[in-house]
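Everything numeric in this text was worked out from a predicted model, so none of it was measured.
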Amino acid sequence: MLRASASLTLGGRDQRAKGPVQKRASLKELAKEEQMKDQAAALLAAKSHLSHTLQQQSSKDESPRSSRESSVSRQEDHGEPLTLDKVLLRIESTLEEYFHLEDFKEAITILEETNFGEHQSAAIQGMVDIVLSRSPTARRLVGVLLRECLKREIFALESFTSTFISLFECASDLEIDYGKKIYSFFGELLAPLFEPGAVNLQVLAGTVGPLRNCQKGGCLLAAVVHAVCNNVHPKDFARVWQESKVSFTDFLTDAEDVQRFLEENNLQYLVARRERTVSVSTSHPKVYEDLLQMFTKDSVTNEELFQWCEVNVDDEEFRSRKFTHALVTTLFQSFYEKHRSGEGLSGDFDDQLETLIKLRAPILKNQIENEAGKELATMYALQSLSVKLNHPQGFLLSVVQKLLDQEILSEDAIKAWRDDTAPSEGKGVAVQMLKQILDWLDCSENEEKE
């Protein structure tokens, strides 16, 4: 059983979660103490208060408070434990502003400056209530926030585990409200906590008891793993799984077959490396054809793309600049073909491109790895694609600008590509098409020198 001294593995080192409970105690004992403080009543009050907020969200989009207003409010009660009502309002206003601006630094600062007192569980419950029925992006944002709250000990580990145990005890009711997708919702919310270098998977195992008892622990585990592997390579998560020392029996009952669970959820890579059915050179046309076909399907997840690479491309090829060239070319060629309109680009091209790059950022970052040579290969892949597509107006500029915005390409890489004297088809035209970005980079460099 997970105890109050359970550790978090954060940034490669163990940190102990500090909470209001000073002695080593079981979760049952903690729950008993919370009941004596009427914590259960507080959580019900939180749910009741925030249900009205969720209804309002579907009818109108309220403007969040400005950072200045938030700061003034924090100063008024900084250092004093907040009442339950103020805790709920603080969580609500902070998340609304966070969703609107995606300003992580501001959100975590607000929570760090807040004294939640005995209402930590109510605060966590409030965060879940607000985000559970929102978008996958919103659930991930809150998951990242929760991860940092545990790392900074804003919330005690005991408060986190007891809150999710209580939530999972209501799983049957939640299934009535949301159907089977409730486990995907929880998976998207919890995934950031269990990415490499974050929280140990033993924490998840310590909360899953109520779900395991009704044979739903596997549903949660599969949802969390799939959500994590949409942002990290499955091979990297398999290493996290093995190092965490958790077992499938922590999530599955004796009546459930582990091998069947792995096969049905396509999770065999957690226990063994997949057999490579074919390993061909990146220059082989089949690699381009298969990648192009997968990127054409909007439903293909990053996890499925990672798994395809694991099976079809050996490690040396996967880490090569040639594969970077193939990946970048097929990704943006498939996107262009879906969004061209006559001789130009569709009206929503720019917005759709931004959505695509945010979606595939984990794939691109994993492949490019902030390596100068691969960033240069990316620029030449985009140049070659622009030539192949007959230099569509605005295409190259939009792609490079958004890759720069998402920190997939660096400013130095773009300048290195421009200054490279090696002859290549279409380089002069491509440089002219990127003149706006290049001029801006030069201007910034000159200002720094001054």
Side-chain angles (χ1 to χ4, degrees), residues 279-292 294-295 305 309 312-337 340 345 349 353 356-357 360-449:
S279 181
V280 297
S281 169
T282 302
S283 60
H284 196 288
K286 180 173 171 52
V287 172
Y288 280 86
E289 292 168 7
D290 288 352
L291 282 172
L292 197 58
M294 284 192 295
F295 283 133
L305 288 164
C309 293
N312 292 278
V313 183
D314 65 36
D315 291 339
E316 185 177 352
E317 285 283 348
F318 181 76
R319 298 300 177 191
S320 70
R321 296 177 189 180
K322 285 184 178 180
F323 189 73
T324 301
H325 192 288
L327 184 73
V328 171
T329 299
T330 52
L331 173 62
F332 292 108
Q333 181 179 337
S334 66
F335 181 78
Y336 172 79
E337 290 174 351
R340 64 180 175 180
L345 304 174
F349 176 84
L353 178 62
L356 171 80
I357 291 176
R360 301 305 185 194
I363 294 279
L364 293 168
K365 288 181 177 179
N366 181 274
Q367 176 61 30
I368 297 171
E369 302 178 305
N370 293 318
E371 184 184 309
K374 290 183 180 180
E375 289 187 75
L376 192 60
T378 298
M379 287 300 300
Y380 274 110
L382 294 172
Q383 175 190 318
S384 298
L385 179 59
S386 184
V387 171
K388 181 179 179 180
L389 301 177
N390 199 25
H391 299 294
Q393 186 65 36
F395 173 74
L396 184 61
L397 180 64
S398 292
V399 173
V400 173
Q401 181 63 63
K402 286 175 171 51
L403 290 175
L404 189 61
D405 292 342
Q406 293 297 314
E407 299 182 347
I408 295 169
L409 283 178
S410 66
E411 297 176 3
D412 289 342
I414 298 171
K415 289 188 285 187
W417 164 79
R418 176 196 60 187
D419 298 338
D420 187 5
T421 57
S424 58
E425 183 183 1
K427 177 72 171 287
V429 177
V431 168
Q432 285 301 311
M433 298 186 81
L434 294 179
K435 188 176 184 302
Q436 181 180 335
I437 293 176
L438 293 169
D439 287 349
W440 175 77
L441 293 176
D442 289 338
C443 182
S444 298
E445 185 177 2
N446 291 334
E447 288 177 358
E448 288 177 4
K449 289 178 179 178

Once side chain to side chain contact (heavy atoms under 4.5 Å, CB included) is applied, do any residues pair with Gln436, and if so which ones, sequence neighbours excluded? Leu397
Qualifying residues under side chain to side chain contact (heavy atoms under 4.5 Å, CB included), relative to Arg360, sequence neighbours excluded: Phe295, Val300, Asn302, Leu305, Leu331, Leu356
Side-chain contact test, heavy atoms from C-beta onward, threshold under 4.5 Å: evaluate it for Met433 versus Ser386 and give yes or no. yes
Mind checking whether Glu411 and Leu404 have side chains closer than 4.5 Å, heavy atoms only? yes
Phe335: what forms a ring-ring contact (aromatic ring centres under 6.0 Å, His included) with it, not counting sequence neighbours? His339, Phe349
For the CG atom of Leu409 and the NZ atom of Lys402, what is their distance to the nearest 0.5 Å? 13.5 Å
Apply side chain to side chain contact (heavy atoms under 4.5 Å, CB included) to Glu337 and list each qualifying residue two or more places apart in sequence or on a separate chain. Gln333
Pairwise side-chain contact, Val287 with Asn312, heavy-atom cut-off 4.5 Å (strictly under): no
Heavy-atom side-chain contact between Phe332 and Leu403 under 4.5 Å: yes
How far apart are the closest heavy atoms of Glu317 and Val313, and which atoms are they? CB-CG1, 3.4 Å
Would you give the length of the straight line joining atom CZ of Phe318 to atom OG1 of Thr324, rounded to the nearest 0.5 angstrom? 8.5 Å
Using 0.5 Å steps for rounding, measure from the CG atom of Leu389 to the OG atom of Ser384. 10.5 Å
Quiz: residues 370-379 side-chain donor-acceptor pairs under 3.5 angstrom, not counting sequence neighbours:
unit_1	atom_1	unit_2	atom_2	d
Lys374	NZ	Arg319	O	2.9
Lys374	NZ	Gln367	O	3.1
Lys374	NZ	Glu369	OE1	3.1
Glu375	OE1	Ser410	N	2.6
Glu375	OE1	Ser410	OG	2.9
Thr378	OG1	Lys374	O	2.9

So which atom in Gly426 and which in Val387 form the shortest heavy-atom distance, rounded to 0.1 Å? CA-CG2, 3.7 Å
Would a 4.5 Å heavy-atom cut-off, applied to side chains only, mark Tyr336 and Leu385 as touching? no
Is it true that a side-chain atom of Gln383 and a backbone atom of Glu425 form a donor plus acceptor pair closer than 3.5 Å? yes
Rounding to 0.5 Å, atoms CD1 (Ile363) and CD1 (Ile368) come to a distance of 11.5 Å
Nearest-0.5 Å distance that lies between atom CD in Gln401 and atom CH2 in Trp440: 7.5 Å
Hey, are the side chains of His325 and Tyr288 touching, using non-hydrogen atoms and a 4.5 Å cut-off? yes
Indicate the atoms forming the closest heavy-atom contact of Ala422 with Tyr380, along with that distance. O-OH, 4.3 Å
Tell me every residue that passes side chain to side chain contact (heavy atoms under 4.5 Å, CB included) with Gln406, counting only those two or more places apart in sequence or in another chain. Ile357, Lys358, Ile408
Rounded to the nearest 0.5 Å, how far apart are CG of Leu441 and CZ of Arg418? 7.5 Å
